[in-house]
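One structure is given below, encoded as structure tokens.
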Amino acid sequence: MSRKSKTKKSVYGVEHEQTVLVLQGGGALGAYQAGVYEGMHEQGFAPDWVAGVSIGAINGALIAGNPRDMRVERLREFWDRVSSGLPIVAPAQIDPVRIAVNRLSAAAAAAFGVPGFFVPRIPPAILAPDGTPGALSVYDTSPLRASLEELVDFDLINDRKRIRLSVGSVNVRTGNSVYFDNRRQRLAVEHVMASGSLPPGFPPTEIDGDHYWDGGLVSNSPLSYVLKDSPDISALIIQVDLFSARGDLPVNLDQVLERAKDIQYSSKTRFNTMRAKEMEELRHALGRLLEKLPAKLRDDPDYKLLAPQCEDKRQITIAHLINRRFSTTTNAKDYEFSRATVRELWEAGLDDIRRTCAHREWLRAREVADGVRVFDLTR
């Protein structure tokens, strides 16, 4: 099928062959991604491909593993389940009180676990014999396995006529990034859990004799995988990041720790965008160079190898949404699962999409290179 015959209109009026949803990792902050997806669903958005790391992989599985009309419901069911812990809600306008409540909620999650997600190991890991599963993590993630098996239909995920799903992990022994992809293998609950196996909290996940940890240890952004896997892609890419690379100067130790976490886990977001720019510039430069070669060289094997790389320029529009910190946010924000905070994050993602679609002038597009455009969609 030709590119023209597959081209369709995006919700932003940008022509593309497919839509790709790219979801960063970030624990409890993943509720923001769920809100973003609800807003996209309202606008008729249906991804052809979801690539995720850690909580992004879990949200991705909930999307790809359910019929279109049930996806928001399943996302809400999951986030209601994992945020049903500390039932304390403080007035949002009283920042010191709310900050204290958020810290208490995070402490409760660390001490007692999160329903439907993880529980502390008994006995604790330090008392377990070396080499046993119980010695490799602070928490047991059996509740997450049960939640995924209940809320995700893996037969739907593995139907190649439907959504493509890619989830990022890292091989514990080799340290290499590995993406499990339903276009290359049959995905199961283990592949999704592997993507979210962040040490030392969560244990490595064994798949076919190898052990895997959270892909965010190598790169918390799946964008590089999407661009590398499909160099000629024509797509609207919705990239939803949970940590902001930009931020204010900290004023206390808690904000220092939070800011360091933001910088660490916003890893490679800007690098990947700049990499796309560099690769596009190289493609154009190579094309110009090949045009200057004498005709007699066009039968040369090297020419025939390089020429196709310049013929079909990629067309990418990256709509970049970034979760921004609240005034009550703390360093523990990625494991603060209070119902109030999860709802705020969900509503923030939903509101960002609604405002963007209602006020198109808010879009600030910048041409990164020929064939690559970036929209920063921010509050």
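Heavy atoms only: backbone and side chains are in, while hydrogens, waters and symmetry mates are out.
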Across all chains, not counting sequence neighbours, the side chain to side chain donor-acceptor pair (under 3.5 Å) partners of W213 are none
>> Just so I know, are the side chains of D130 and T132 near enough to count as touching, which here means a heavy-atom distance under 4.5 Å?
In response: no
Sorted by chain and residue number, the side chain to side chain donor-acceptor pair (under 3.5 Å) partners of R183 (sequence neighbours excluded) come out as none
query = Does a side chain donor of either S105 or E336 reach within less than 3.5 Å of an acceptor in the other side chain?
reply = yes
Worksheet entry | Atom CG of D248: over 12 foreign heavy atoms under 6.0 Å | no
Residue pairs passing the salt bridge (Lys or Arg N to Asp or Glu O under 4.0 Å) test with at least one member in residues 163-181, sequence neighbours excluded, are R164-D181, R164-D229, D181-R184
Practice item. Verify the distance criterion only: is there a donor paired with an acceptor across the side chains of N59 and W79 at less than 3.5 Å? Key: yes
ring-ring contact (aromatic ring centres under 6.0 Å, His included) filter on Y225, not counting sequence neighbours, yields Y179
| task | Report yes or no: do Q239 and D241 form a side-chain donor-acceptor pair below 3.5 Å? | result | yes
Here the salt bridge (Lys or Arg N to Asp or Glu O under 4.0 Å) pairs for residues 100-113, sequence neighbours left out, are R103-D254
Residues joined to L293 in its hydrophobic cluster, side chain to side chain under 4.5 Å directly or through other members, sorted by chain and number, are L286, L290, L297, Y303, L306
For this session: Check whether any side-chain heavy atom of V53 lies under 4.5 Å from a side-chain heavy atom of Q24, and answer yes or no.
Result: no
Side chain to side chain contact (heavy atoms under 4.5 Å, CB included) test vs L62 passes for just one of V50, V72, L151, namely L151
* To do: Tell me, yes or no, whether the heavy-atom count around L127 atom CG, taken from other residues, nucleotides or ligands under 6.0 Å, exceeds 12.
  => yes
message: Are L29 and F326 linked, directly or through intermediate hydrophobic residues, by side-chain heavy-atom contacts shorter than 4.5 Å (ILVMFWY only)?
response: yes
Sequence neighbours excluded, the answer for side chain to side chain donor-acceptor pair (under 3.5 Å) partners of S177 is none
**Message:** Any non-hydrogen side-chain atom of I353 less than 4.5 Å from a side-chain atom of F45?
**Reply:** no
With sequence neighbours left out, the residues meeting ring-ring contact (aromatic ring centres under 6.0 Å, His included) with F180 are H191, Y212
- Query: Is it true that V114 and L345 fall in one hydrophobic cluster, defined by side-chain heavy atoms closer than 4.5 Å?
  - Reply: yes
Inset, instruction - Start with the C-alpha distance between H41 and R68, add both sets of side-chain angles, then the distance that settles side-chain contact (heavy atoms from CB on, under 4.5 Å), and finish with yes or no. - result: CA-CA 9 Å; H41 182 76; R68 183 172 178 177; 4.1 Å; yes
Q.
For R76, is there an ion pair with E38 - N to carboxylate O distance below 4.0 angstrom?
A. yes
Would you say that P200 contacts S137 through its side chain, given a criterion of any heavy-atom pair below 4.5 Å between the two side chains? no
In this structure, CG of D210 is separated from OG of S169 (nearest 0.5 Å) by 11.5 Å
- Message: If hydrophobic clusters are built from ILVMFWY residues whose side chains come within less than 4.5 Å, do F202 and L136 share one?
- Response: no
Salt-bridged, D262 to K333, with N to O below 4.0 Å? yes
- Any side-chain heavy atom of E77 sitting closer than 4.5 Å to one from L75? no
Are any non-hydrogen side-chain atoms of H320 and I322 less than 4.5 angstrom apart?
-> yes
Notebook entry, point to check: Do L187 and I207 share a hydrophobic cluster, counting only Ile, Leu, Val, Met, Phe, Trp and Tyr and linking them when any side-chain heavy atoms are less than 4.5 Å apart?
Noted result: yes
query = Under a 4.0 Å N-O cut-off, is there an ion pair linking R98 with E344?
reply = yes
Tightest non-hydrogen contact, residues W49 and S166, listed as NE1-OG, 3.0 Å
Stepwise side-chain contact (heavy atoms from CB on, under 4.5 Å) check, D299 with K304: CA-CA 7 Å; D299 289 330; K304 291 181 177 180; 4.2 Å; yes
Applying side chain to side chain donor-acceptor pair (under 3.5 Å) to D155 and not counting sequence neighbours gives R186
Walk me through whether R355 and D351 qualify under salt bridge (charged side-chain N to carboxylate O under 4.0 Å, His left out).
CA-CA 6 Å; R355 290 190 182 200; D351 186 59; 2.8 Å; yes
Tightest non-hydrogen contact, residues A348 and Y32, listed as C-CE1, 3.8 Å
Nearest heavy-atom approach of D352 to T356 is O-OG1, 2.7 Å
Atom pairs and distances, side-chain donor-acceptor, residues 138-150, under 3.5 Å, sequence neighbours left out:
unit_1: Y139; atom_1: OH; unit_2: A110; atom_2: O; d: 2.6
unit_1: D140; atom_1: OD1; unit_2: S142; atom_2: N; d: 3.0
unit_1: D140; atom_1: OD1; unit_2: S142; atom_2: OG; d: 2.8
unit_1: D140; atom_1: OD2; unit_2: S142; atom_2: OG; d: 3.4
unit_1: R145; atom_1: NH1; unit_2: E190; atom_2: OE2; d: 3.0
unit_1: S147; atom_1: OG; unit_2: R81; atom_2: NH1; d: 3.4
unit_1: S147; atom_1: OG; unit_2: G116; atom_2: O; d: 2.8
unit_1: S147; atom_1: OG; unit_2: P143; atom_2: O; d: 3.1
unit_1: E150; atom_1: OE1; unit_2: R81; atom_2: NH1; d: 3.1
unit_1: E150; atom_1: OE1; unit_2: R81; atom_2: NH2; d: 3.3
unit_1: E150; atom_1: OE2; unit_2: R81; atom_2: NH2; d: 3.1

Q.
Please tell me whether S197 and T205 have a donor and an acceptor in their side chains that are separated by less than 3.5 angstrom.
A. yes
>> Checking side-chain polar atoms at under 3.5 Å, does R325 have a donor or acceptor matched by the opposite partner on S244?
In response: no
CA sep, side-chain torsions, deciding dist, call: I318, V22, side-chain contact (heavy atoms from CB on, under 4.5 Å): CA-CA 10 Å; I318 301 174; V22 173; over 6 Å; no
Tightest non-hydrogen contact, residues A128 and A135, listed as CB-N, 3.7 Å
*Does some side-chain heavy atom of V152 sit less than 4.5 Å from a side-chain heavy atom of V189?*
no
For V256, the other hydrophobic cluster members (4.5 Å side-chain criterion, sorted by chain and number) are L253
Across all chains, not counting sequence neighbours, the side chain to side chain contact (heavy atoms under 4.5 Å, CB included) partners of A332 are A106, T330, Y335
Heavy-atom nearest pair, R71 first then I163, reads NH2-CD1, 3.3 Å
Would N158 and L165 count as a side-chain contact (heavy atoms from CB on, under 4.5 Å) here? Give the steps.
CA-CA 9 Å; N158 291 294; L165 177 65; over 6 Å; no
- prompt: Can you find a pair of side-chain heavy atoms, one from F78 and one from I58, that are under 4.5 Å apart?
  reply: yes
The reported gap from CG in N331 to CG in N252 (rounded to nearest 0.5 angstrom) is 10.0 Å
Residues A319 and L236: closest non-hydrogen pair is CB-CD1, 4.4 Å
